2 protein chains.
Amino acid sequence: MRIEFTLDCCDVERAEEFWTSALGLAVDGRIEGRYVALSGHGVALTLQRVPEAKTVKNRMHLDLLVDDVEREVQRLEGLGASRLTDQAHHEFGQTWFVLADPEGNELCVARDPEG
Amino acid sequence: MRIEFTLDCCDVERAEEFWTSALGLAVDGRIEGRYVALSGHGVALTLQRVPEAKTVKNRMHLDLLVDDVEREVQRLEGLGASRLTDQAHHEFGQTWFVLADPEGNELCVARDPEG
């Protein structure tokens with residue numbers, strides 16, 4: 001069994017641009033205007049074009065664990081992400097920011113406890 | 001950078017029971033009634049309790065790539081998953097079923113092209 005993930009998006013090209021840069025993923029293949037298969041850091045993520053826009057908070061999201069949270073958030077903002085909260089969350093000994101990708105999909109940037 | 005995933009759920013215990021069995025994941029840790037951290041097959045998945053129920057199709061979902069799709073779908077049904085479509089999808093040389101976990105979160109079961 002292999003486990004992969006698929007993210008719906010309205011603009012596949014924009015999503016590819018953001019997520020390859022954000023996560024340092026490679027493009028493994030594509031079906032033009034429909035699917036783009038990405039992989040890296042042990043993760044396989046397929047971007048899938050759908051007609052409908054995002055409406056509510058996603059039930060599943062990506063977490064990026066990094067050494068320097070503030071620097072990573074600024075880097076992602078430079079790629080088109082936006083902060084959903086101005087302040088970092090501090091709970092359970094963790095520190096994280098909630099961001100959104102260009103289509104509003106939530107992602108968290110947290111301090112890597114193994115970093 | 002490490003990449004992990006978080007899935008919202010209303011019933012963390014039920015979600016843990018389903019997802020550990022469905023994916024063969026181990027429990028790495030928990031904050032009782034709030035978070036359960038799972039890992040396996042190179043994937044880290046945290047189950048997070050939220051008050052609100054699922055309302056619309058998820059923007060991000062899991063794909064399981066397996067050798068025998070029909071057998072895997074039947075196994076997942078036995079664990080509490082349900083088929084969202086009676087028939088398999090056949091497109092782009094792939095075959096897959098769309099299922100839902102006990103809280104309705106979509107997951108796809110597809111034939112592993114590398115299998």
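Lettering follows sequence order; numbering is per chain, from 1. Keep in mind that what you see is a predicted model, and the values were worked out from it rather than measured.
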Bottom line for L64(A): the part with an atom under 4.5 Å from chain B's heavy atoms is both
With sequence neighbours left out, the residues meeting side-chain contact (heavy atoms from CB on, under 4.5 Å) with E91(A) are W96(A), R34(B)
Most contacts with chain B, counted as non-hydrogen pairs under 4.5 angstrom, among N58(A), D8(A), L62(A): D8(A)
Identify whether L84(B) and M60(B) are in the same connected component of the hydrophobic contact network (ILVMFWY, side-chain heavy atoms under 4.5 Å). no
Check the surroundings of atom CD in E52(A): do more than 12 heavy atoms from other residues, nucleotides or ligands lie under 6.0 Å from it? yes
Close approach to chain B in residues 11-22 of chain A, criterion heavy atom under 4.5 Å: A22(A)
For chain B, which of V50(A), D112(A), V56(A) has the most heavy-atom pairs under 4.5 Å? D112(A)
Taking R2(B), E114(B), H61(B) one by one, which has the highest count of heavy-atom pairs under 4.5 Å against chain A? R2(B)
So which residues of residues 68-79 of chain A are in contact with chain B at a heavy-atom cut-off of under 4.5 Å? E72(A), R75(A)
If you tally heavy-atom pairs under 4.5 Å between each of L7(B), T6(B), V66(B) and chain A, the highest tally belongs to T6(B)
Top contributor to chain A interface from T55(B), I3(B), L45(B) [non-hydrogen pairs under 4.5 Å]: I3(B)
Would you please go through residues 101-111 of chain A and name the residues with a non-hydrogen atom below 4.5 Å from one of chain B, in numerical order? E103(A), N105(A)
Could you tell me which non-hydrogen atom of T46(A) sits nearest to which non-hydrogen atom of Y35(A), and how far apart they are? CG2-CD2, 3.8 Å
For C10(B) and A53(B), work out which heavy atoms get closest and say how close. SG-CA, 3.7 Å
Among R59(B), K57(B), E4(B), which residue has the highest count of heavy-atom pairs closer than 4.5 Å to chain A? R59(B)
